[in-house]
Q: 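Here it is, the structure, as structure tokens.
All heavy atoms count here, side chains included; hydrogens, waters and symmetry mates do not. Position 1 is the first residue of the sequence; numbering continues from there.
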Amino acid sequence: MPTPLKLAGRSAVLLSTLAALAGCDLVVMSPSGDIAAQQRDLIVVSTILMLIIIVPVLFLTLFFAWRYRQSNTAAKYDPEWHHSTGLEVVIWSAPLAIIIALGAVTWISTHKLDPYRPLDRLDANRPVPAETKPLTVEVVALDWKWLFFYPDYGIATVNEMAAPVDVPINFKITASSVMNSFYVPALAGMIYAMPGMQTKLHAVINKPGEYEGLSSNYSGDGFSHMRFKFHGLDQAGFNQWVARVKQNGTMLNRDAYLKLEKPSTKEPVRYFAGVEDGLYEAVLNMCVRSGQICMNDMMHIDMMGGAGVESHENRAKLEHDNRHAGETGHAGEAAPGATFPATGNPSKSEEPAEGVDKEPQSMNHDMHNMHGDNAAPAGNQAGPAPAQLNNAGTTKP
């Protein structure tokens, strides 16, 4: 038997645990933005609908176990029973009704809470005023930090952002290398950030305060510390924040961005009082470094029919993920990203794997037959790459 002292100790641990749980900030269930609040309501409604089935099932499981226990000889025993129409109706109609209700809620919420859909209300009681100008914030997920552009103000910040209360925010989100996920639990749901692509999020913060933002998609060594502060401010406080950034910030041009882009962890907050024109578009199109072809230019070339047989000469302009190229690690080891496949040859080696013919005859024969009826014009076989490739881009100004 436990001694009174042990019981008192266990009771103290239990009470302290309950007290700690009571003091937890369950931000997902107590958000400060309208979009997050609607998502919270969706969670609550879905949970209640499912509990309509789960609670009776749990109760009946315990009831049947107690009612038909071996020692209860008064319970009716009918081994020949096999069907009840009324019971079948209840068993099948209740889950069917729940599924229909969940389907309706999901259908409505999927369209209403579409992150690409501009806001039509500030909260449940206030529509967005017609004269309200949304705040545009361009987000770049770096390794392992967050970069925020404010194109309306010409500033940028690292690991800190701010927005006025009750002003719609239009987020444009991309990444520099691997995929991440932008998430401010108090504001709205998580949205993926992907290199060479732009996702969107429309949200609004309704209460002043300091909130935490983070990456919710694992992206490497510094993922755990890839966090930032989101400040919800009144309009006067937001104007002061912008003024502080302009006063204490430096210039963010392409060279500064390429240094900032290099992987780092626990990056401190940084301010940039000025941003080079077109920098976010260059990040989005993966052509910040000199000599690279922008993604939108490459897509235009593809749309026009390709760049010709000599386009291999422009390979270097299409190498985007080369942040570690030419670098070495500790003691002369290859930098991260340099791999040696199972063939034993270095990555991108032109040497064939052992036991593999350099030019398989059957494949060459098949490829010759495949292109025999659709061969390119003779004038293109030995000519230079089309002018559109060389003119498109080398780099954006």
Side-chain angles (χ1 to χ4, degrees), residues 133-163 169-182 191-201 213 215 219 222 226 228-230 238 241-264 267-300 316-325 391-397:
K133 180 182 179 182
L135 172 68
T136 299
V137 181
E138 298 166 340
V139 183
V140 180
L142 303 173
D143 294 334
W144 288 273
K145 48 200 168 278
W146 293 95
L147 174 63
F148 303 99
F149 293 94
Y150 287 79
D152 297 333
Y153 298 91
I155 62 173
T157 60
V158 172
N159 285 346
E160 180 181 283
M161 68 165 296
I169 311 171
N170 295 347
F171 289 100
K172 300 178 180 179
I173 306 169
T174 189
S176 63
S177 57
V178 299
M179 183 174 72
N180 266 286
S181 186
F182 176 78
I191 302 295
Y192 282 125
M194 294 169 282
M197 299 177 64
Q198 177 176 270
T199 51
K200 296 181 180 180
L201 172 65
S215 170
S219 58
M226 194 173 172
F228 63 93
K229 293 298 181 181
F230 173 80
F238 178 73
W241 181 83
V242 172
R244 184 168 69 252
V245 173
K246 290 185 176 180
Q247 180 180 358
N248 300 325
T250 58
M251 181 65 185
L252 180 62
N253 53 25
R254 294 183 180 234
D255 291 337
Y257 171 82
L258 292 175
K259 295 177 181 178
L260 180 66
E261 185 189 36
K262 294 180 179 180
S264 62
E267 191 72 21
V269 173
R270 295 190 187 185
Y271 294 152
F272 298 97
V275 178
E276 182 178 333
D277 291 341
L279 180 56
Y280 173 77
E281 286 73 19
V283 174
L284 173 61
N285 287 287
M286 305 176 70
C287 56
V288 177
R289 284 184 291 273
S290 176
Q292 286 183 304
I293 296 179
C294 293
M295 294 289 291
N296 55 354
D297 291 330
M298 195 66 236
M299 288 186 286
H300 174 73
K317 300 176 183 179
L318 298 173
E319 292 182 350
H320 297 286
D321 191 14
N322 59 355
R323 292 164 298 147
H324 304 290
N391 294 336
T394 51
T395 31
K396 289 277 187 184

Q: If you look at every heavy atom in Glu276 and Met251, which pair is closest and at what distance?
A: N-CE, 3.5 Å
Q: Roughly how far, to the nearest 0.5 Å, is the CE atom of Met295 from the CE atom of Met197?
A: 9.5 Å
Q: Going by side chain to side chain donor-acceptor pair (under 3.5 Å), Tyr280 matches just one of Glu138, Lys172, Gln198. Which one?
A: Gln198
Q: Check Leu252, Asn248, Asn253, Ile155 against Phe272 for a side chain to side chain contact (heavy atoms under 4.5 Å, CB included) and give me the one that passes.
A: Leu252
Q: Within the structure provided, determine whether Tyr257 and Val140 are in side-chain contact (heavy-atom separation under 4.5 Å).
A: yes
Q: What distance separates Lys259 NZ from Ser264 OG, expressed to the nearest 0.5 Å?
A: 14.0 Å
Q: Between Asn180 and Ser215, is there a donor-acceptor pair closer than 3.5 Å when you use the side chain of the first and the backbone of the second?
A: no
Q: To the nearest 0.5 Å, what is the distance between CE on Met194 and CD1 on Ile173?
A: 9.5 Å
Q: Within a reach of under 6.0 Å around OH of Tyr271, are more than 12 heavy atoms found that belong to other residues, nucleotides or ligands?
A: yes
Q: Would you indicate whether the side-chain heavy atoms of Arg270 and Leu260 approach each other to under 4.5 Å?
A: yes
Q: Any idea which heavy atoms bring Pro195 and Thr174 closest together, and the distance?
A: CA-OG1, 4.4 Å
Q: Which heavy atom of Cys287 sits nearest to which heavy atom of Arg254, and what is that distance?
A: O-NH1, 3.2 Å
Q: For the CD1 atom of Ile191 and the CG atom of Leu201, what is their distance to the nearest 0.5 Å?
A: 5.0 Å
Q: What are the two closest non-hydrogen atoms of Leu135 and Ala162, and how far apart are they?
A: CD2-O, 4.0 Å
Q: For Val178 and Ser219, work out which heavy atoms get closest and say how close.
A: CG2-CB, 3.7 Å
Q: Just to verify, which of Phe230, Tyr150, Tyr153 counts as forming a ring pair (Phe, Tyr, Trp, His ring centres under 6.0 Å) with Trp241?
A: Tyr150
Q: Looking at the rings of Phe182 and Phe228, which for Trp means the six-membered one, are their centres under 6.0 Å apart?
A: yes
Q: Measure the spacing between CE of Met226 and OG of Ser181 and express it to the nearest 0.5 Å.
A: 10.0 Å
Q: Are the side chain of Asn159 and the backbone N or O of Glu267 linked by a donor-acceptor pair below 3.5 Å?
A: yes
Q: Taking all non-hydrogen atoms of both residues, which atom of Pro268 and which atom of Val158 are closest, and how far apart?
A: O-CG1, 4.0 Å
Q: Could you grab the distance from atom SG of Cys294 to atom CG of Leu284, nearest 0.5 Å is fine?
A: 9.5 Å
Q: Yes or no on side-chain hydrogen bond (donor to acceptor under 3.5 Å, both in side chains) for Thr157 and Glu160, after CA distance, side-chain angles and deciding distance?
A: CA-CA 6 Å; Thr157 60; Glu160 180 181 283; over 6 Å; no
